[in-house]
Amino acid sequence: MKKGDHLFLVDGSGYIFRAYHALPPLTRKSDGLPIGAVSGFCNMLWKLMQSARDTSVGVTPSHFAVIFDHSAKTFRSELYPEYKANRSEPPEDLVPQFGLIRQATKAFDLPCIEMQGFEADDLIATYARLAREAGADATIISSDKDLMQLVGDKVTMYDPMKDREIRVAEVIEKWGVPPEKMIDLQALTGDSVDNVPGVPGIGPKTAAQLLEEYGDLDTLLERASEIKQNKRRESIIANADKARISRDLVRLRDDVPVGEALDELVLQPPDGPRLIAFLKALEFTTLTRRVAEATGADAAEVEAASVEVDAPARARGPDLDAGAGQTPAGQAGDDKGEQTAVGGADEPSPAALAAKRAEAAAAEAIDRSAYVTIRDMETLRAWIAEAREAGIVGFDTETTSLDPMQAELVGFSLATAPGRAAYVPVGHKQGAGDLLGGGLAEGQIPFDEALQAIGGLLTDPAVLKIGQNIKYDWLLLYQHGIAVAPVDDTMLISYVLDAGKGGQGMDALSERWLGHVPIPYKEVAGSGRNAVTFDMVDIDRATAYAAEDADITLRLWRVLKPRLAAEGLVSVYERLERPLIDVIGRMEARGISVDRQILSRLSGDFSQAAASVEEEIYELAGERFNIASPKQLGDILFGKMGLEGARKTATGQWSTSAQILEDLAAEGHELPRKIVGWRQLTKLKSTYTDALPGFINPETKRVHTSYALASTSTGRLSSSDPNLQNIPIRTVEGRKIRTAFIAEPGRKLISADYSQIELRVLAHIADIPQLRQAFADGIDIHAMTASEMFGVPVEGMPSEVRRRAKAINFGIIYGISAFGLANQLSIPREEASSYIKKYFERFPGIRDYMDKTKAQVRENGYVETIFGRRAHYPEIRSPNPHQRSFNERAAINAPIQGSAADIIRRAMVRMEKALADAGLDSVQMLLQVHDELIFEAPKNDVAAAIPVIRDVMENAAMPAVSMAVPLHVDARAADNWDEAH
DNA sequence: GTGGTCTCCTA
DNA sequence: GTAGGAGACCACA
């Protein structure tokens with residue numbers, strides 16, 4: 001070996017475990033032999049070897065070896081008997097793959113190296129050293145942190161799964177120390193997997209910090225007494241020996257007397273037929289074809305090799321495709337006896353009817369083998385005709401992303417009757433699971449043709465499309481110019497029926513109503529770092545998964561839809577839920593414009609400010625530490641500095657909440673004040689200015705949040721990815737972020753928000769004369785409350801008095817407790833109690849409302865908004881008083897918060913038509929923030945739009961409910977959200 | 001990587 | 001005292 005040569009060292013043992021956990025667990029040969037890890041391994045080897053031929057790729061191996069662990073027993077066990085002693089037996093379906101992977105290595109004609117007494121890592125270290133000394137380069141194919149100590153000038157690592165190189169910079173980025181300090185770092189942190197003890201309480205971050213300060217482990221241990229933090233110092237002193245042993249365990253030996261010389265590792269061109277024989281035996285068809293193409297061998301000529309399996313082979317039988325651990329028929333049968341009561345058989349007759357449907361659905365087994373894959377237009381047309389005939393169709397799409405604004409359609413599924421479902425693949429890629437990806441897989445209808453055909457059905461007014469969270473599918477198809485209608489949504493139906501009784505996700509609903517566990521998405525497409533997009537999923541597996549979803553959706557609809565009528569909830573669904581699907585869909589599709597420059601400038605400002613505060617903090621603390629760690633911070637404040645007024649959190653940690661820190665600051669302590677400032681700056685930076693630009697859609701250049709219609713117990717929407725319902729407003733610094741939300745040139749943002757909507761709802765529901773009067777007269781409601789309670793005239797009222805009344809008003813809405821009010825106002829509990837007592841004396845209707853609500857929720861298990869939406873509290877009868885009180889407060893709040901939520905939902909449903917009727921089609925509703933709607937409008941339309949918007953919002957409760965108090969809306973327009981609000 | 005904890009942003 | 005989502009840290013596998 002000489003300069004310019006390049007040695008590839010594959011960490012075979014590491015790869016096996018990683019691939020096993022990375023790849024979908026059900027990858028099996030047709031006879032049930034588990035081969036997922038072997039498959040990944042072969043693909044990787046092939047790809048790496050191919051890079052040797054493709055000289056356009058920077059790195060090309062001239063030498064190549066695959067290294068394995070020989071057995072668990074190595075010299076390390078003698079150093080420390082517990083080393084790796086906690087290792088459990090490998091999973092049974094992994095065991096046969098160990099031998100297969102060695103056989104695979106040989107089939108590739110690659111050296112397969114292992115040695116008794118040493119780990120693969122030691123062999124790798126040794127070969128890396130030999131290569132380095134020969135002037136050659138080495139690349140270690142692994143991402144194991146244990147190998148990072150070897151990284152240097154001539155030695156790099158390559159993570160084959162993430163396709164990422166790991167060099168010195170990457171090690172520093174990940175661990176905070178250069179490769180040569182990795183040994184010391186690991187000596188401190190230990191490794192729970194391998195049973196390397198390390199020093200308890202020292203994690204990677206702390207370890208890196210210590211090594212930066214003291215240089216190396218020996219120095220650190222010598223000077224441990226200088227460490228300021230009590231706990232840390234004591235732990236390090238007490239565990240110095242463990243640290244030293246750990247260092248010996250993690251340090252790799254690069255002097256192993258290796259058998260094969262470097263020159264024996266020269267990479268040979270693959271022996272096509274031999275390799276093909278092996279690949280055929282394992283049924284790796286794609287790779288077989290690829291190897292045949294590359295080597296010029298004729299795969300058809302080659303006979304599959306006989307492959308020996310050396311351990312408890314076929315783990316669980318071959319029928320796993322039907323779903324691991326799921327036996328649909330048996331399950332449904334077993335559960336039948338217990339499930340007959342589901343749906344409330346003892347309720348009045350319409351409900352009993354619905355319950356009967358539920359019972360039938362649960363008893364009907366789900367048989368995936370009947371699902372059809374539609375691969376030609378003729379079949380598709382037949383299914384579409386069938387759906388038209390039925391008038392209803394369960395529908396679902398499969399895509400490449402959870403974000404419907406970025407997702408690409410991969411296929412869609414239809415269900416026309418329970419058990420009768422089909423999947424139409426249109427965008428599956430060839431060579432699923434392979435590292436190289438080909439074009440489209442064969443046997444799919446061309447995308448445009450399929451879309452054209454299905455578009456007719458999806459927009460056919462005579463066919464009801466039933467989806468689970470169909471807003472997603474609606475949005476996706478909306479990008480393709482298809483506005484799906486009419487629709488029903490099982491998630492929303494369930495939400496109307498059972499909000500508060502558990503999730504409305506399809507898996508939960510299927511289990512609850514059908515007694516069936518659907519194929520988990522993870523099992524089809526993997527999860528975590530090894531997740532693949534759906535277009536890479538094998539079409540047969542995709543069919544089982546996707547058709548099942550459409551089937552289940554249709555079955556759920558048959559169970560749930562009748563319950564709406566039976567339980568008197570049709571109008572809630574029809575007026576507050578169903579119409580919102582496309583309204584919200586359009587809002588999400590529009591998105592909002594966010595100015596990248598403003599955010600980036602703010603990010604810089606925050607960063608600089610935080611850095612300078614950081615220095616002051618270290619100065620005041622007398623040491624450097626991780627300010628973001630509540631644990632470390634608590635130790636500094638209450639341990640080292642011994643500040644008074646410490647409180648503990650639920651888990652016994654020092655609390656370092658802003659409340660506590662501000663109390664300390666008020667006593668004249670400088671450090672807590674600085675911490676609060678630092679927290680604010682870093683919060684604004686990380687959560688907003690740094691994160692938001694990443695949500696700017698590359699196509700539309702706008703930010704598209706996602707609204708969840710069925711995620712809250714009260715009827716509110718929630719917003720995520722990004723959450724645009726919590727953009728800062730309270731502080732000057734925070735408000736700056738709002739200036740980045742802007743209108744397009746020539747347009748304005750209009751913000752319209754309800755004033756005091758929840759207190760108005762309360763005044764209406766509880767029928768409080770003084771509150772009604774005050775709202776009718778447009779009086780300051782908190783001042784009025786204060787005046788009633790404390791007898792202070794509204795004129796010239798001290799702001800502190802008003803502040804207390806305001807807190808009480810909010811407390812009422814939240815289901816007041818003396819404890820909570822005392823906390824909020826920082827007053828003694830007794831004082832808070834007397835306020836509440838006083839409040840109830842002045843406003844007896846409030847107490848009546850609260851008592852009535854508590855009785856109602858206890859009796860029925862749910863409460864209702866003024867529009868009849870229900871919020872369920874199944875835990876209300878909990879024997880745990882904490883639980884019970886919590887549920888009572890939530891139940892008191894729900895009708896208030898929920899009615900307000902219903903009102904703005906009604907406004908949103910009516911808004912588009914009202915604007916269109918006024919000739920304001922180009923005024924677009926963009927966002928909802930609970931009591932506020934944000935619009936974007938051409939400058940010239942603003943003046944006309946505001947009265948229309950106000951009118952719709954202020955009259956949104958009518959005619960269903962005639963409010964006893966007027967609703968009031970403030971609206972304003974400006975170039976950005978800060979000024980418009 | 002996942003999940004729990006703590007903290008903090010909104011209405 | 002109500003309703004949410006999210007980032008950082010840290011222990012666990």
Side-chain angles (χ1 to χ4, degrees), chain A residues 18 21-22 86-88 189-194 200-206 500 527-531 626-634 649-661 675-676 679-680 682-688 690-692 705-708 711-731 734 737-738 753-754 756-758 807-825 832 836 850 871 885-898 900-901 904 928-932 981:
Chain A
R18 228 180 133 204
H21 294 290
N86 59 346
R87 277 282 169 97
S88 47
T189 59
D191 186 332
S192 57
V193 177
D194 291 344
I202 306 288
K205 237 179 140 142
T206 310
S527 70
R529 72 161 103 80
N530 37 286
N626 185 355
I627 309 169
S629 162
K631 208 173 128 164
Q632 295 184 30
L633 178 59
T649 66
T651 50
Q653 294 276 319
W654 301 118
S655 169
T656 64
S657 68
Q659 177 72 61
I660 298 270
L661 298 182
I675 306 276
V676 171
R679 284 227 182 115
Q680 197 207 95
T682 52
K683 168 81 178 178
L684 294 175
K685 181 173 185 308
S686 67
T687 310
Y688 301 103
D690 284 354
L692 279 171
T705 184
S706 174
Y707 287 105
S711 74
T712 69
S713 50
T714 56
R716 273 193 178 179
L717 307 180
S718 72
S719 157
S720 63
D721 310 299
N723 182 354
L724 294 186
Q725 290 180 324
N726 72 346
I727 302 303
I729 190 166
R730 283 174 216 245
T731 65
I737 290 162
R738 292 203 167 209
D753 66 297
Y754 285 106
Q756 310 280 16
I757 189 168
E758 293 192 348
I808 297 168
N809 276 333
F810 273 99
I812 296 297
I813 291 170
Y814 297 154
I816 202 152
S817 78
F819 180 83
L821 184 63
N823 250 348
Q824 177 69 30
L825 287 174
I836 295 170
M850 291 188 165
S885 305
F886 176 75
N887 277 279
E888 281 173 1
R889 289 194 298 272
I892 287 167
N893 172 258
I896 304 168
Q897 191 188 113
I904 199 166
Q928 189 252 42
V929 190
H930 308 308
D931 65 359
E932 175 188 15
H981 185 82

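Throughout, a chain's letter reflects where its sequence line sits, starting with A, and its residues are numbered from 1.
- Distance, A/Leu717 CG to C/dG5 P: 11 Å, rounded to whole Å.
- In this structure, the NZ atom of A/Lys205 is 12 Å from the C1' atom of C/dG7, given to the nearest Å.
- Looking at heavy-atom distances under 4.0 Å, A/Ser711 makes contact with sugar-phosphate atoms alone, never a base.
- Not one N or O on the side chain of A/Thr206 forms a donor-acceptor pair closer than 3.5 Å with the backbone of A/Ile202.
- Rounded to whole Å, the distance from CD on A/Gln632 to P on C/dC9 is 9 Å.
- Applying the 4.0 Å criterion to OP1 and OP2 of C/dG5, one finds that A/Ser718 has a side-chain N or O inside that range.
- Here the side chain of A/Asn893 pairs a donor or acceptor atom with the backbone of A/Ile813 at under 3.5 angstrom.
- Within the 4.5 Å cutoff, no side-chain heavy atoms of A/Ile675 are placed close to those of A/Thr656.
- Regarding contacts with the backbone of C/dG1, every side-chain N or O of A/Asn893 stays at 4.0 angstrom or more from both OP1 and OP2.
- Side-chain contact between A/Gln824 and A/Phe810 is absent, with no heavy-atom pair separated by less than 4.5 Å.
- Here C/dA6 presents its C1' atom at 13 Å from CG of A/Leu724, a figure rounded to the nearest Å.
- Between the side chain of A/Arg889 and the backbone N or O of A/Tyr814 there is no donor-acceptor pair closer than 3.5 Å.
- No donor-acceptor pair closer than 3.5 Å links the side chain of A/Ser720 to the backbone N or O of A/Asn723.
- Rounded to whole Å, atom C1' of C/dT2 lies 8 Å from atom CZ of A/Phe886.
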| request: Start with the C-alpha distance between A/Ser719 and A/Thr705, add both sets of side-chain angles, then the distance that settles side-chain hydrogen bond (donor to acceptor under 3.5 Å, both in side chains), and finish with yes or no. | output: CA-CA 6 Å; A/Ser719 157; A/Thr705 184; 2.8 Å; yes

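- Applying the side-chain contact (heavy atoms from CB on, under 4.5 Å) rule to A/Gln756 yields the partners A/Leu759, A/Arg760, A/Phe775, A/Ile781, A/His782; only residues at least two apart in sequence or on another chain are considered.
- Put simply, A/Thr714 has no side-chain N or O that comes within less than 4.0 Å of OP1 or OP2 on C/dT2.
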Under-3.5 Å N/O pairs linking protein and nucleotides 11-13 of chain C:
unit_1, atom_1, unit_2, atom_2, d
C/dA11, OP1, A/Lys631, NZ, 3.4

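- Atom-to-atom, CD of A/Gln928 to P of C/dA3 comes out at 17 Å; the value is rounded to the nearest Å.
- Between A/Tyr688 and A/Pro728 the shortest side-chain heavy-atom distance falls below 4.5 Å.
- Among the atoms of the strands shown, base atoms are found under 4.0 Å from some heavy atom of A/Ala807.
- Across all strands shown, A/Leu821 has heavy atoms under 4.0 Å from base atoms, whether or not it also approaches the sugar-phosphate.
- Contact check, A/Arg889 against C/dT2: a side-chain N or O comes under 4.0 Å of OP1 or OP2.
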Scoring nucleotides 5-11 of chain B by protein non-hydrogen atoms under 4.0 Å (B base, S sugar-phosphate only, - none) yields SSSBBSB

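- Between the P atom of C/dT2 and the CZ atom of A/Phe819 lies a distance of 11 Å, rounded to the nearest Å.
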